[in-house]
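The next block holds one structure in the form of structure tokens; read it before the comments.
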Amino acid sequence: MSVRFMPGNPDRSEAQTDRDNLAEIIDIRSKLLSPEHPAPEPPTSELTIDTLSVATKMLARKAMSAGELQKELRAVGCPATDIEVVIEEFKESLYLDDVGLARLVSEKLRSSKNASKNQIRRSLQQRLFEPFVIEEVLEDFAEEEETTLLFETAKKRARQMRGLSRDVAERRLIGFLSRRGWGGSEMFRAVAEALDGAESD
């Protein structure tokens with residue numbers, strides 16, 4: 001379904017309401033902004049009211065990357081030129097903060113799912129974050145931390161495979177770790193160590 005944009009003078013009280021509604025994004029902004037950076041004022045440029053209204057409602061419902069918001073606005077038929085203006089305004093006002101949001105997403109994936117860097121990369125790509133944003137965020141994860149996570153994940157999974165033959169357990173563990181984004185000699189070393197440990201317990 002597309003939004004039809006009607007000609008005529010927009011209701012200015014409606015425009016003000018839409019700008020006021022941006023304050024509803026408090027939860028996300030409070031996580032993205034530090035105490036040293038007070039909340040900015042809502043965008044003040046003269047934008048197409050329909051596009052601003054749709055973008056505001058979308059962003060109030062769910063935290064989005066700039067890429068996601070652009071895709072959603074296109075899907076409902078907002079004009080491309082207005083979309084660009086709205087997104088730039090939102091970026092300048094920090095209602096869109098891709099680096100901050102990508103860090104929140106990454107930290108949640110790491111803490112709740114023990115996601116590998118490659119898993120996190122795929123998730124951020126699916127959320128339409130730009131490549132430079134993804135690389136900047138992934139730099140926060142030290143290689144030592146990634147290696148530790150790999151070995152801990154392998155050991156935990158290997159304990160669930162007791163009773164299986166070594167060959168079967170090895171294949172399943174390799175498949176499990178590969179699906180989680182790990183590979184290479186480090187992964188095979190983690191598999192061997194994890195299975196050795198499970199057998200000796």
Side-chain angles (χ1 to χ4, degrees), residues 18-45 47 51-76 78 83-154 156-157 176-183 186-187:
D18 287 329
R19 288 188 170 86
D20 291 342
N21 284 342
L22 286 172
E24 295 177 10
I25 316 171
I26 278 297
D27 183 53
I28 297 303
R29 287 166 53 220
S30 66
K31 293 178 182 177
L32 299 180
L33 299 176
S34 65
E36 292 79 19
H37 297 83
E41 291 298 316
T44 56
S45 297
L47 306 173
T51 303
L52 176 63
S53 175
V54 173
T56 299
K57 290 171 184 176
M58 287 179 174
L59 209 55
R61 286 196 301 267
K62 175 188 175 184
M64 293 183 180
S65 69
E68 287 176 315
L69 182 59
Q70 183 181 62
K71 180 181 178 181
E72 293 298 319
L73 290 174
R74 284 175 176 170
V76 297
C78 294
I83 291 173
E84 290 179 14
V85 174
V86 169
I87 287 178
E88 286 307 310
E89 285 277 354
F90 280 14
K91 283 180 178 179
E92 290 176 11
S93 301
L94 294 183
Y95 287 102
L96 281 173
D97 179 359
D98 274 11
V99 173
L101 178 58
R103 282 201 172 100
L104 289 177
V105 172
S106 300
E107 289 164 5
K108 182 176 180 181
L109 287 170
R110 177 55 62 94
S111 62
S112 65
K113 297 185 178 180
N114 286 333
S116 69
K117 284 178 70 172
N118 284 333
Q119 268 189 304
I120 293 171
R121 186 191 304 278
R122 288 197 295 265
S123 294
L124 295 179
Q125 288 170 341
Q126 290 169 0
R127 295 287 305 269
L128 303 181
F129 288 101
E130 294 184 76
F132 80 90
V133 172
I134 295 173
E135 294 309 315
E136 180 175 339
V137 169
L138 291 180
E139 286 176 2
D140 294 344
F141 297 102
E143 287 303 320
E144 295 81 3
E145 179 186 354
E146 187 71 7
T147 300
T148 298
L149 178 62
L150 166 60
F151 277 78
E152 287 178 351
T153 303
K156 182 178 179 181
R157 189 69 174 184
F176 173 78
L177 294 174
S178 296
R179 289 191 297 274
R180 295 178 70 84
W182 280 298
E186 191 105 288
M187 181 193 71

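Along the sequence shown, residues are numbered consecutively beginning with 1.
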**Prompt:** At their closest point, which heavy atom of Met64 faces which heavy atom of Leu96, and how far apart are they?
**Reply:** O-CD2, 3.4 Å

**Request:** Enter the distance from Leu69:CG to Met58:CE here, rounded to the nearest 0.5 Å.
**Result:** 7.0 Å

Considering only distance and modelled atom types, tabulate donor-acceptor pairs under 3.5 Å from the side chains of residues 102-109, sequence neighbours left out.
from: Arg103; atom 1: NE; to: Asp140; atom 2: OD2; distance (Å): 2.6
from: Ser106; atom 1: OG; to: Ala102; atom 2: O; distance (Å): 2.8

**Item:** Shortest non-hydrogen separation from Ser116 to Gly181 and the atoms involved
**Value:** OG-CA, 3.6 Å

**Item:** Set of salt bridge (Lys or Arg N to Asp or Glu O under 4.0 Å) partners for Glu186, sequence neighbours left out
**Value:** Arg189

**Request:** Heavy atoms only: give me the nearest Ile83-Thr51 pair and the separation to one decimal.
**Result:** N-CG2, 4.2 Å

**Request:** Of all the heavy-atom pairs spanning Trp182 and Met187, show the shortest one and how long it is.
**Result:** O-SD, 3.5 Å

**Prompt:** Residues two or more places apart in sequence or in another chain: which of them pass side-chain contact (heavy atoms from CB on, under 4.5 Å) with Arg179?
**Reply:** Phe176

**Prompt:** Going by heavy atoms in the side chains, are Phe141 and Leu149 under 4.5 Å from each other?
**Reply:** no

**Request:** Please report the shortest heavy-atom distance between Ala154 and Leu177, naming the atom on each side.
**Result:** CB-CD1, 4.0 Å

**Prompt:** Is any side-chain heavy atom of Val133 closer than 4.5 Å to a side-chain heavy atom of Leu101?
**Reply:** no

Using atom types as modelled, flag every donor-acceptor pair under 3.5 Å from a side chain in residues 123-131 to any protein atom, sequence neighbours excluded.
from: Ser123; atom 1: OG; to: Gln119; atom 2: O; distance (Å): 3.2
from: Arg127; atom 1: NE; to: Glu68; atom 2: OE1; distance (Å): 3.1
from: Arg127; atom 1: NE; to: Glu68; atom 2: OE2; distance (Å): 2.6
from: Arg127; atom 1: NH2; to: Ala63; atom 2: O; distance (Å): 3.0
from: Arg127; atom 1: NH2; to: Glu68; atom 2: OE1; distance (Å): 3.2

**Request:** Please tell me if the side chains of Arg180 and Asn114 come closer than 4.5 Å, counting only heavy atoms from C-beta onward.
**Result:** yes

**Request:** Enter the distance from Glu139:CD to Glu135:CD here, rounded to the nearest 0.5 Å.
**Result:** 7.5 Å

**Message:** So, taking the atom named CZ in Phe90 and the one named CG in Leu52, what distance separates them when rounded to the nearest 0.5 Å?
**Reply:** 5.5 Å

**Message:** Using the side-chain contact (heavy atoms from CB on, under 4.5 Å) criterion, which residues pair with Thr148? Sequence neighbours excluded.
**Reply:** Glu152

**Glu144: salt bridge (Lys or Arg N to Asp or Glu O under 4.0 Å) partners, not counting sequence neighbours** = none

**Asked** Could Lys117 and Glu145 be called an ion pair, given the rule that one side-chain N must be under 4.0 Å from one carboxylate O?
**Response** no

**Message:** Tell me if the CZ atom of Arg74 is crowded by more than 12 foreign heavy atoms within 6.0 Å.
**Reply:** no

**Item:** Rounded distance [0.5 Å steps], CD in Glu136 versus CD1 in Ile134
**Value:** 11.5 Å

